[in-house]
Structures are given as C-alpha cells and as structure tokens.
Amino acid sequence: MALCLYTVAIFMTKIIAFETSCDDTAVAIVDSDGTICSDVIYSQIKEHLEFGGVVPEIGSRAHIEQITFCTKEALSKANLAAKDVDAVAATFAPGLLGPLLVGSQFAKGFALANNKPLIAVHHIEGHILAGYLDKNFPKPPFLSLIVSGGHTALYLCDEEYKIKTIGHTLDDAAGEAFDKIGRKLGLTYPSGKQIDTLASLGDKEKFFFPMPMKDTECFNFSFSGLKTKALTYINQNLVISEQERADFCASFREIICTFLTKKTFNALKKYKVNSLVVGGGVAANSRLRDFLEFEAKKNEINLFLPPLRFCTDNAVMIAKAAHLKFSKKHFTSLKQETFATLDIEKKDVLTS
Ligand code: KG4
Ligand code: ZN
C-alpha cells in the first residue's frame with residue numbers, strides 16, 4: 001500500500017493554466033489523470049455589454065484586475081499552495097494581444113517565482129484537446145471541427161498530435177455570424193446561446209436561406225452570404241413579432257448547423273478518418289450537437305463532443321493541452337513572445 005501511494009505521488013503532475021485570449025479570465029488546475037482540481041472563470045460580459053462586442057483595452061484592464069483573485073481562488077479550491085504545482089501553462093496565441101499578454105506574462109511571473117517549467121499553449125490546440133485525458137477521448141488520427149466566435153475550421157490531427165488545417169472560414173466565424181445577427185435582433189452579446197434558445201420555439205421552414213458554397217468541394221466555410229440574407233429579412237421588417245423572431249432564429253440556426261455538419265462529414269469521408277472531435281463555443285449549440293450525433297451514428301464515426309461547459313473558452317482545456325506537452329517535455333522559455341495571430345501549423349514556435 002505504501003509503495004502504491006509513493007508511486008502515485010511520483011507520477012501525478014498538477015498543471016495550473018491561464019486562459020485570457022479574449023473576454024474570460026480563466027484559471028484551472030488539472031491533474032495528469034484528468035482530474036479537474038479547480039476551474040475558475042471570471043466572465044467580462046458585463047464590461048463589454050454596452051459596446052455590443054469585446055473592447056480589447058477594457059478586456060486587458062479587467063484581466064489585470066481579476067487574474068490574481070482568480071489564481072488565489074483556483075489554488076484555494078484545489079487546496080494547494082503555488083509551490084505545489086508542477087508546471088505553469090498559458091495561452092500565448094492567437095487572440096487579442098493585450099488580453100493574451102496579461103495571462104502569458106502572469107504565467108511567466110508565476111513560473112519564475114516558484115521555479116516551475118512554463119508551457120505555452122496555442123488556443124486552438126486547447127479547444128481540440130479540451131477532452132484529452134478523458135476516457136472516451138479518441139486516439140489520433142482524428143478530424144476536428146472548431147467552431148467559435150473567432151474561428152471556424154477543420155483540422156486533421158495525426159498520431160503525433162501534429163495538427164494541419166484542411167479548411168477554414170473565408171470571412172466570418174460561425175459564432176461571429178450568430179453574434180452579429182443577434183445584435184441586429186436586439187439580443188445581448190454574445191447571442192449564439194440566445195438564438196439557440198429562441199430557435200427551439202420556432203419553425204425552421206419559415207425563412208429560406210440558400211446553402212453556402214454548394215458547388216465547391218473544398219472544406220472552407222463562408223457565412224457572409226447568410227449574414228447578408230439574414231440582414232435583408234430584418235431590414236424588410238419581416239422579423240418583428242415574437243413568433244417571427246423564433247422562426248427566423250430556427251431557420252438561421254438550421255442552415256448554419258446543416259452547413260457545418262455537411263462539410264465535416266464530407267471531410268471525414270475524404271480523409272478516411274473515423275474519429276471526430278468538436279470544440280469551440282458554437283459546439284454548445286443544441287441543433288449542431290443533434291446533427292453531429294445523428295450523422296456520427298449513421299456513419300459509424302467515433303464522436304467526441306465536450307460537455308457544454310468546456311465548449312466555450314476555459315482554462316481546463318489549456319491545462320489538458322499542457323499535460324500532453326509536459327509528457328513530451330515541450331517546455332517554453334521565459335523569453336517566449338505572445339502572438340495575436342499564429343497558424344496552428346506553427347504552434348511549435350511556442351516550444352523553445
Ligand atoms: O470558444 P468561445 O468561448 O470563444 C472564442 O474563442 O470565440 O466561443 C464564443 C462563441 C460566441 O460567438 C457565442 O455566441 C457562441 O460561441 N456560442 C453559441 C452557443 N453558445 C455560445 N453559438 C451558438 N449556439 C450556442 N448554444
Ligand atoms: Zn475559443
């Protein structure tokens with residue numbers, strides 16, 4: 001028994017992670033067996049509410065104000081002191097530069113002060129690996145659909161966890177389309193979840209939306225045509241009554257979810273992979289989840305959908321991606337730069 005406990009003590013690794021790439025100040029501590037010791041998020045929604053979107057300067061300031069409190073709370077919930085963690089991780093790219101700098105520099109200070117290794121994580125890698133260490137997370141190779149307010153893309157992850165983009169949006173991200181149309185409808189930012197709720201009360205056949213890019217075989221996405229069509233209906237005063245709003249949301253949600261599902265399953269077929277990992281805020285959409293589950297069953301695809309809580313931005317996903325890096329000894333220098341944009345193919349520049 002004593003030997004057993006000793007063995008566990010040697011191999012269990014605790015990582016504290018910081019995620020501040022946009023409007024959430026998130027700090028989490030995750031164990032190497034996947035146990036979430038703590039998961040703290042301060043959402044800045046109310047700071048940005050009156051502007052209808054994220055204001056980077058206000059975001060940076062709010063991160064600075066909150067990050068120490070969130071860190072203390074994460075350590076206290078995990079019943080740990082700073083010196084008890086084994087490594088320190090943070091999102092270093094991509095995102096809003098000011099907000100990213102707050103988390104990445106705080107992580108450097110934490111690592112330096114406690115003499116712990118630093119691990120820089122790419123935000124998309126975090127979304128893709130949000131379920132890593134879960135018992136039903138697929139072994140690579142797998143395809144990943146990441147669909148959020150800032151990104152909509154399909155990625156192939158190989159056996160070595162090397163990630164390659166096989167398609168991406170040519171204009172807006174799907175979440176951005178939901179948010180922009182939601183704003184026109186008078187909903188508060190971010191509106192994806194409210195559109196999802198309203199849609200459940202509506203008739204999806206009432207408003208016609210053409211399928212985007214239907215004559216192309218590539219795996220890119222485009223939402224600008226749908227957005228223009230949606231704005232036309234709104235400007236023609238066709239979306240006024242409560243029922244019209246619900247019908248409109250149902251039709252708009254339907255076309256976006258059908259489009260995302262179609263492209264994803266075409267890609268699975270083309271690349272002959274039988275596992276699919278989905279992530280990002282829009283992966284919380286109830287209709288999209290239903291479509292993906294239905295198609296996965298029909299096509300015998302092993303589908304991993306994170307619980308709703310881990311679809312939107314969080315620090316648990318950064319800690320999990322960091323565990324994979326820790327196991328490969330992919331550490332980062334304290335001199336590491338932070339990048340507002342960085343293709344996933346170049347994520348290894350974060351390891352130095
Ligand atoms: O991943 P995330 O938290 O942040 C980014 O990295 O962008 O995603 C936020 C996005 C927002 O655009 C929000 O409207 C959307 O996710 N979202 C949803 C739902 N919940 C959040 N979109 C559609 N349906 C939902 N249920
Ligand atoms: Zn995100």
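For ligands, and for the atoms within them, numbers begin at 1 and follow the listed sequence.
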Which of the atoms of ligand 1 are close to [X], meaning less than 4.0 Å from one of its heavy atoms?
X: F178; value: 22 (N), 23 (C)
X: H127; value: 1 (O), 6 (O)
X: S148; value: 1 (O), 5 (C), 6 (O), 7 (O), 8 (O)
X: G150; value: 7 (O)
X: H123; value: 6 (O)
X: P190; value: 13 (C), 14 (O)

Which part of [X] is near ligand 1, with near meaning a heavy atom under 4.0 Å away: side chain, backbone, both or neither?
X: R253; answer: neither
X: T312; answer: both
X: H151; answer: neither

Just need the protein heavy atom nearest to [atom], so name the residue and atom and give the distance.
atom: atom 26 (N) of ligand 1; value: D196 OD2, 3.2 Å
atom: atom 14 (O) of ligand 1; value: D179 OD1, 2.7 Å
atom: atom 4 (O) of ligand 1; value: D313 OD2, 3.2 Å
atom: atom 22 (N) of ligand 1; value: G192 CA, 3.4 Å

Exercise. Which heavy atom of S251 sits nearest a heavy atom of K206, and at what distance?
Worked result: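 Of all heavy-atom pairs spanning S251 and K206, the closest is OG-N, 3.9 Å.
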
From [atom], work out which of [options] has a heavy atom at the shortest distance.
atom: atom 21 (C) of ligand 1; options: S21, G281, A283, G95; answer: G281
atom: atom 23 (C) of ligand 1; options: I195, N285, I146; answer: N285
atom: atom 7 (O) of ligand 1; options: A284, P94, G149, C22; answer: G149

Exercise. K77 and E73: salt bridge (Lys or Arg N to Asp or Glu O under 4.0 Å), yes or no, with the steps?
Worked result: CA-CA 6 Å; K77 282 189 171 158; E73 196 181 333; 3.0 Å; yes

State yes or no: are the ring centers of [X] and [Y] separated by less than 6.0 Å?
X: F209; Y: Y233; result: yes
X: F51; Y: Y189; result: no
X: F265; Y: F291; result: no
X: F207; Y: F252; result: no

Exercise. Between G280 and ligand 1, does any nitrogen or oxygen pair lie at a separation below 3.5 Å?
Worked result: no

For this session: Examine G175 against ligand 1 and note whether any of their N/O atoms are separated by less than 3.5 Å.
Result: yes

Problem set entry | Set of side-chain contact (heavy atoms from CB on, under 4.5 Å) partners for Q194, sequence neighbours left out | L187, T188, S191

For this session: Just do the side-chain contact (heavy atoms from CB on, under 4.5 Å) check on H123 and D313 with the steps written out, would you?
Result: CA-CA 9 Å; H123 184 76; D313 290 349; 3.2 Å; yes

For this session: Determine the interplanar angle of the F110 and F106 rings, folded into 0 to 90°, and report it as parallel if under 30°, tilted if 30 to 60°, perpendicular if over 60°.
Result: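 Because their plane-to-plane angle lies in the 30° to 60° range, the rings of F110 and F106 count as tilted.
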
Problem set entry | Proximal protein heteroatoms (N, O or S) of the Zn ion (ligand 2), under 2.8 Å | H123 NE2, H127 NE2, D313 OD1

Exercise. When you check the side-chain N and O atoms of S32 and H323, is any donor under 3.5 Å from an acceptor?
Worked result: no

For this session: Any chance you could lay out the side chain to side chain donor-acceptor pair (under 3.5 Å) test for S21 and T91, step after step, and finish with the verdict?
Result: CA-CA 7 Å; S21 65; T91 309; 5.4 Å; no

Exercise. For atom CZ of F69, is the number of surrounding heavy atoms from other residues, nucleotides or ligands below 6.0 Å larger than 12?
Worked result: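 Incorrect, the count does not exceed 12.
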
For this session: Step through the shown structure and confirm whether more than 12 heavy atoms of other residues, nucleotides or ligands are within 6.0 Å of CZ on R61.
Result: no

Exercise. What do the steps show when you test K164 against D158 for salt bridge (Lys or Arg N to Asp or Glu O under 4.0 Å), and what is the final call?
Worked result: CA-CA 8 Å; K164 191 174 121 195; D158 74 9; over 6 Å; no

Exercise. Can D196 and S286 be said to form a side chain to side chain donor-acceptor pair (under 3.5 Å), step by step?
Worked result: CA-CA 7 Å; D196 196 13; S286 59; 2.9 Å; yes

